[in-house]
Amino acid sequence: MNRYPLWKYLLLIAVTALGILFALPNIFPSEPAVQIVAAGKHQTIDATVQDKIKQALSSHNIKPKEIEQNGAKKIMVRFDSPDTQLAAQEVIKKTLGKDYNTALNLAPATPAWLRSFNPMSLGLDLRGGVHFLMEVDMKAAMDKALSRNSEDFRTLLRENKISYLGVKREGDNLIIQFKTAELRDKAKAVLAREYRNEITFSEVDTPKGAALKATLTENKIKEIKRFALQQNITTLRKRVN
């Protein structure tokens, strides 16, 4: 025997159906994608750019799942897996150059008729964490180290009252110029003692006269790069925490 009025059953059915409708977007996981945005003010992304991307990906045996145009300045290229997404980003970045910005993204896979219902936002723990692709500018780290060494050389030579004409950079080396070979020999003894196992000093002759060429050892270069990488990891860990 029915104990409740009909409208209560109808209300229950309606609420359940509405709940299912709102929950449906959550069964469609986001797809890995590469987002491409035109960087220049007058730069756009047209069919020519899309064909260029397709040809570049095809030459590397990378097959995109879908290329989605979002306005005149942005497109989203979808892929089947994160590994393919990472490989594709490198190819697209090299192909398009600095005129376009490329970034890793997650594109919704919800059908068009469900797009008006947003899926539940999940935290990093429920989404299985987050993937970071970090690139450290090793050249900048080396430049900074050579600049620091240049200043240290000047300070050390002044403290030991050894006159010099100047310190300049040539490639990955530092050239310390002196008036005489005697001053060069004296400076070499002081510098070699201070930077033992870090920097090698060799005697060279330049149009200005006697000079020393300072070259970082392989172990020191590895140490500088390792320290630069560790600094970036520490900064990233602090920001995440």
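We're numbering straight along the sequence, starting at 1. Side chains are part of it too, since the values below use all heavy atoms of this structure and drop only hydrogens, waters and symmetry mates.
One finds no salt bridge joining Lys144 and Asp137 here, because no Lys/Arg side-chain nitrogen approaches an Asp/Glu carboxylate oxygen to under 4.0 Å. Between Lys63 and Asp80 there is no salt bridge, since none of the side-chain N atoms of the basic residue sits less than 4.0 Å from a carboxylate O of the acidic one. Remark: Lys220 engages Glu223 in a salt bridge, criterion side-chain N to carboxylate O under 4.0 Å.
No hydrogens or angles considered: a donor-acceptor pair under 3.5 Å links the side chains of Arg154 and Ser150.
When side chains are defined from C-beta on, Met142 counts as touching Leu216, because their heavy atoms get closer than 4.5 Å. The side-chain heavy atoms of Leu96 and Val49, taken from C-beta on, include a pair separated by under 4.5 Å. In this structure the side chain of Thr235 reaches within 4.5 angstrom of the side chain of Arg239, judged on heavy atoms. With contacts defined as side-chain heavy-atom distances shorter than 4.5 Å, the pair Thr217/Thr200 qualifies. The shortest side-chain heavy-atom distance between Lys74 and Met76 does not fall under the 4.5 Å cut-off. Looking at Lys52 and Thr95, their side chains come closer than 4.5 Å, going by heavy atoms from C-beta outward. Between Gln35 and Asn70, every side-chain heavy-atom pair lies at or beyond the 4.5 Å cut-off.
Residue-environment remark: NZ (Lys73) exceeds the threshold of 12 foreign heavy atoms within 6.0 Å. Residue Lys225 qualifies as open at atom NZ: its count of foreign heavy atoms under 6.0 Å is 12 or below.
The heavy-atom pair separating Val77 from Pro64 by the smallest distance is CG1-CB, 3.6 Å. The two residues Ala211 and Gln177 come nearest to each other via the heavy atoms CB-OE1, 3.8 Å. The two residues Phe79 and Ala88 come nearest to each other via the heavy atoms CZ-CB, 3.3 Å. Closest approach of Phe153 to Ala214, counting heavy atoms only: CE1-CB, 3.7 Å. Smallest separation of non-hydrogen atoms from Gly171 and Leu146: O-CD1, 4.3 Å. Nearest heavy atoms, Ala103 versus Gln89: CA-NE2, 4.0 Å.
With values rounded to the nearest 0.5 angstrom, Tyr195 atom OH is found 4.0 Å from Asp152 atom CG. Distance check, rounded to the nearest 0.5 Å: CZ of Arg226 to CG of Asn219 gives 8.5 Å. Residue Glu31 holds its CD atom at 9.5 Å from CD of Glu68, rounded to the nearest 0.5 Å. Summarising the geometry, atom CD1 belonging to Ile175 is positioned 4.5 Å from atom CD belonging to Glu170; distances are rounded to the nearest 0.5 Å. Put simply, CZ on Arg78 and CG on Leu106 are 10.5 Å apart, with the number rounded to the nearest 0.5 Å. Taken from CG in Leu229 to CD1 in Ile224, the straight-line distance is 14.0 Å, to the nearest 0.5 Å.
Linking Ile, Leu, Val, Met, Phe, Trp and Tyr whenever their side-chain heavy atoms come within less than 4.5 Å leaves Ile221 and Phe227 in two separate clusters. The hydrophobic cluster containing Leu12 does not contain Ile20, counting ILVMFWY residues as joined when their side-chain heavy atoms lie under 4.5 angstrom apart, directly or transitively. Both Val190 and Ile176 belong to a single network of hydrophobic side chains, linked directly or stepwise wherever heavy atoms of I, L, V, M, F, W or Y lie under 4.5 Å apart.
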Can you give each donor-acceptor pair under 3.5 Å made by side-chain atoms of residues 156-167, sequence neighbours left out, with the distance rounded to 0.1 Å?
residue: Arg158; atom: NH1; partner: Tyr164; partner atom: OH; Å: 3.4
residue: Asn160; atom: ND2; partner: Leu156; partner atom: O; Å: 2.8

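Gln85 places a side-chain N or O within donor-acceptor distance of the main-chain N or O of Ala33, the cut-off being under 3.5 Å. In this structure a side-chain-to-backbone donor-acceptor pair under 3.5 Å is present from Arg184 to Val204. The main-chain N or O of Gly71 is found under 3.5 Å from a side-chain atom of Gln69 such that the two form a donor-acceptor pair. Looking at Asp51, its side chain never comes within 3.5 Å of a backbone N or O of Lys54 through a donor-acceptor pair. With Thr102 contributing its side chain and Ile36 its backbone, the two residues share no donor-acceptor pair below 3.5 Å. With Tyr100 contributing its side chain and Thr44 its backbone, the two residues share a donor-acceptor pair below 3.5 Å.
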Leu212 and Glu203: CA distance, side-chain angles, deciding distance, side chain to side chain contact (heavy atoms under 4.5 Å, CB included) verdict: CA-CA 5 Å; Leu212 282 177; Glu203 300 174 0; 4.2 Å; yes
Side chain to side chain contact (heavy atoms under 4.5 Å, CB included) assessment of Leu86 paired with Leu104: CA-CA 8 Å; Leu86 292 173; Leu104 301 176; 3.5 Å; yes
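With sequence neighbours left out, the side-chain contact (heavy atoms from CB on, under 4.5 Å) criterion links Lys238 to Thr234. In this view, Phe178 satisfies the ring-ring contact (aromatic ring centres under 6.0 Å, His included) rule with no residue, not counting sequence neighbours.
Test Ile75, Thr48, Ile45, Val34 against Ile53 for side chain to side chain contact (heavy atoms under 4.5 Å, CB included) and you get one pass: Ile75.
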